Amino acid sequence: MPRLTEDWLRQVLRTFYQQRTLTRTDLLNATGLNPASASHAIRHLMDRGVVVKTGEVESNGGRARDVLDLNNEAGYFVAVDLEGASIRFALTNLVGDIRFRIEKNLEPNQPIDVGVVVDAVHSLLNQLSDLQRRRVLACGVSHPGMCDELGRITAVNLGWSAVPLLEGLRSALGFPVYLENAHRTCIFAERWLGSARGSSNSIYVIVGNGIGIGAFVDGKILEGHAGLAGEIGHITIDPHASDLCLCGRRGCLEAVASCASIARQYFSQAFQDSGPRAAHRVTEVFERARQGDALATSVVDRAASYLGIGLAHLVLLLNPEIIVLGGEILAGADLMLGRIRSEMERHTLPAFLPGLEIRASSLGLDIGLKGASALAFRESLGAPGFLQSLAGNSGMPRPRVRQGSARSKQGVVAAK
Ligand SMILES: [Zn+2]
């Protein structure tokens with residue numbers, strides 16, 4: 001296959017992945033390909049069941065135009081989410097819909113090793129038929145902490161220091177494996193599958209035990225010199241605050257506005273309870289604020305104000321069009337979003353506000369798995385052999401053609 005044609009196929013696949021349902025005219029507008037190149041690429045993908053016709057729409061001239069859709073079940077990814085109190089594994093279809101999942105709780109003080117991760121992926125793969133297994137294209141891993149150039153992970157919550165995860169998974173699985181920090185996989189998920197779809201300047205802010213961001217700036221993922229860009233949790237938001245941060249300094253954004261901090265502030269003031277369990281009870285604080293508890297309301301408002309100021313810094317620095325908030329903070333979004341938005345606006349220049357949206361993530365707790373799946377698709381698209389693996393699958397299910405329909409849903413693995 002000529003090299004240029006592979007580029008056409010990649011452009012067409014990327015556009016279908018982002019927009020799902022298209023006419024040929026939509027595709028030409030989105031890719032800038034000439035009609036002959038686009039037709040060539042579409043025919044190739046339709047012949048192999050990767051793109052399917054799902055309906056027709058009337059054009060202005062009265063001639064029916066085909067509605068084309070990505071066959072979501074044309075391939076699968078293994079998605080692994082190592083961030084959080086439990087580690088999660090899933091089989092997803094091409095567009096990140098979860099078809100099967102396994103979850104393992106992390107026991108405190110019992111670090112896991114690479115073998116546990118490999119065994120869990122094998123358990124997932126063992127549930128599949130041979131045909132389904134042949135359609136698994138790659139594995140994406142969303143991990144906490146840092147990854148060095150050899151794919152070794154250092155992460156406090158896993159008890160890992162330079163653990164060779166990439167090597168362990170690659171040698172055990174026999175298909176490509178891609179690793180990425182959780183903040184960045186979350187913005188992949190939002191940009192490719194969620195609220196920030198198609199946006200070139202978008203930020204995902206995760207507010208949970210800590211606070212961090214993943215950002216697309218001018219269409220490129222923000223990484224930084226050592227891959228550490230986005231540690232917004234440790235900017236000093238209030239130099240006079242007494243709140244102590246895990247990093248050892250006082251007044252960090254994370255120390256005054258993370259969910260663990262909100263819970264700690266409330267329970268230490270209300271019940272003199274500042275033990276480690278209190279840090280996990282943020283939903284109780286939100287509930288008490290909803291019931292009119294004055295202390296809970298004041299703690300939540302203070303955190304929302306600081307978050308608003310933190311977001312104002314991001315807006316001035318990066319000029320985004322969408323900021324998506326995620327993590328445990330979503331449980332209190334009804335209480336906090338308005339205050340966060342107004343405080344952000346108060347500390348930003350007016351020129352930055354038109355067209356700027358702040359939204360709660362719609363992807364929920366599955367965002368890490370969806371992000372890992374989006375990472376696998378994004379990296380696979382540029383990898384040698386991916387187009388052959390995807391388009392070489394035989395006997396793929398093809399959705400039935402329905403007049404005027406825009407969507408096909410056909411699972412070949414039971415969703416759980
Ligand atoms: Zn800090």
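Bear in mind the structure is a predicted one, so any value in this text is a computation, not a measurement. We count residues from 1, following the sequence as given.
At a threshold of 4.5 Å between non-hydrogen side-chain atoms, the residues Phe77 and Leu137 count as touching. No side-chain heavy atom of Ile213 sits under 4.5 Å from any side-chain heavy atom of His183. You'll find the side chain of Val80 reaches within 4.5 Å of the side chain of Phe89, heavy atoms only. You'll find the side chain of Ile235 stays beyond 4.5 Å of the side chain of Cys252, heavy atoms only. Residues Thr54 and Leu68 have side chains not in contact (no heavy-atom distance under 4.5 Å, counting atoms from C-beta outward). In this structure, the side chains of Leu165 and Val117 come closer than 4.5 Å at one or more pairs of heavy atoms. Inter-residue side-chain proximity for Pro144 and Leu82 is flagged as met; some heavy-atom pair is nearer than 4.5 Å. Side chains of Val57 and Asp66 form no contact here, defined as non-hydrogen atoms less than 4.5 Å apart.
Of the charged side-chain nitrogens involved, at least one lies within less than 4.0 Å of a carboxylate oxygen, so that Arg43 and Asp47 count as a salt-bridged pair. Electrostatic pairing of Arg250 and Asp238 does not count as a salt bridge here, judged by no charged N lying under 4.0 Å from a carboxylate O. The pair Arg10-Glu6 counts as a salt bridge, with a side-chain nitrogen and a carboxylate oxygen less than 4.0 angstrom apart. Salt-bridge check for Lys220 with Glu223: failed, with every basic side-chain N at 4.0 Å or more from each acidic carboxylate O. Here Asp366 pairs with Arg101 in a salt bridge; the nearest charged N to carboxylate O distance falls below 4.0 Å.
Asn34 and Ser37 share a donor-acceptor pair across their side chains, judged by distance under 3.5 Å alone. Side-chain contact, Asp301 with Ser298: no donor N or O sits under 3.5 Å from an acceptor N or O. Checking Ser142 against Glu180 by side-chain atom types alone, no donor-acceptor pair falls below 3.5 Å. For Arg191 and Ser199, the side-chain atoms include no donor-acceptor pair closer than 3.5 Å. Remark: the Gln265 side chain and the Arg302 side chain contain an N/O donor-acceptor pair separated by less than 3.5 Å.
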Practice prompt. Take Ser123 and Asn126 through the test side-chain hydrogen bond (donor to acceptor under 3.5 Å, both in side chains) and record every step on the way to the result.
Written response: CA-CA 5 Å; Ser123 307; Asn126 287 341; 5.6 Å; no
Name every donor-acceptor pair, under 3.5 Å, that has one atom in a side chain of residues 368-385 and the other anywhere in the protein, sequence neighbours excluded.
from	atom 1	to	atom 2	distance (Å)
Lys370	NZ	Gly96	O	3.2
Ser373	OG	Thr92	OG1	2.7
Ser380	OG	Ala376	O	2.5

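Taking every heavy atom of both residues into account, Leu94 and Asn71 meet most closely at CD1-O, 3.8 Å. Across Ala196 and Ser202, no two heavy atoms sit closer than the pair CB-CB, 3.7 Å. In terms of heavy-atom proximity, Leu179 sits nearest to Cys147 at CD1-SG, 3.9 Å. The heavy-atom pair separating Ala138 from Tyr178 by the smallest distance is CB-CE1, 3.9 Å. The two residues Arg184 and Ala229 have their closest heavy-atom pair at NH1-O, 4.2 Å. Shown here for Val118 and Ala172, the closest heavy-atom pair between the two residues is CG1-CB, 3.5 Å.
Taking NE2 from His40 and CG from Leu45, the interatomic distance works out to 10.0 Å, rounded to the nearest 0.5 Å. Rounding to the nearest 0.5 Å gives a distance of 5.0 Å between CG of Asn72 and CG of Asn93. To the nearest 0.5 Å, atom OG of residue Ser305 and atom CD1 of residue Ile237 are 10.5 Å apart. Atom CG of Leu22 sits about 8.5 Å away from atom CG of Asp69, to the nearest 0.5 Å. To the nearest 0.5 Å, atom CG of residue Leu166 and atom CD of residue Glu149 are 11.5 Å apart. Summarising the geometry, atom CG belonging to Leu330 is positioned 12.5 Å from atom OG1 belonging to Thr283; distances are rounded to the nearest 0.5 Å.
No donor-acceptor pair closer than 3.5 Å links the side chain of Ser39 to the backbone N or O of Ala36. Checking side-chain atoms of Thr23 against main-chain N and O of Asp26 turns up a donor-acceptor pair under 3.5 Å.
Taking Asn201 as the reference, nothing meets the side-chain hydrogen bond (donor to acceptor under 3.5 Å, both in side chains) condition, with sequence neighbours excluded. Checked against side-chain contact (heavy atoms from CB on, under 4.5 Å), Val315 has the following partners two or more places apart in sequence or in another chain: Pro320, Ile323, Met344, Thr348, Phe352, Leu356.
With Met336 as the partner, the side-chain contact (heavy atoms from CB on, under 4.5 Å) test is satisfied by one option alone out of Ile329, Val207, Leu325: Ile329.
Heavy-atom contacts from other residues, nucleotides or ligands closer than 6.0 Å to CD of Glu167 number 12 or fewer.
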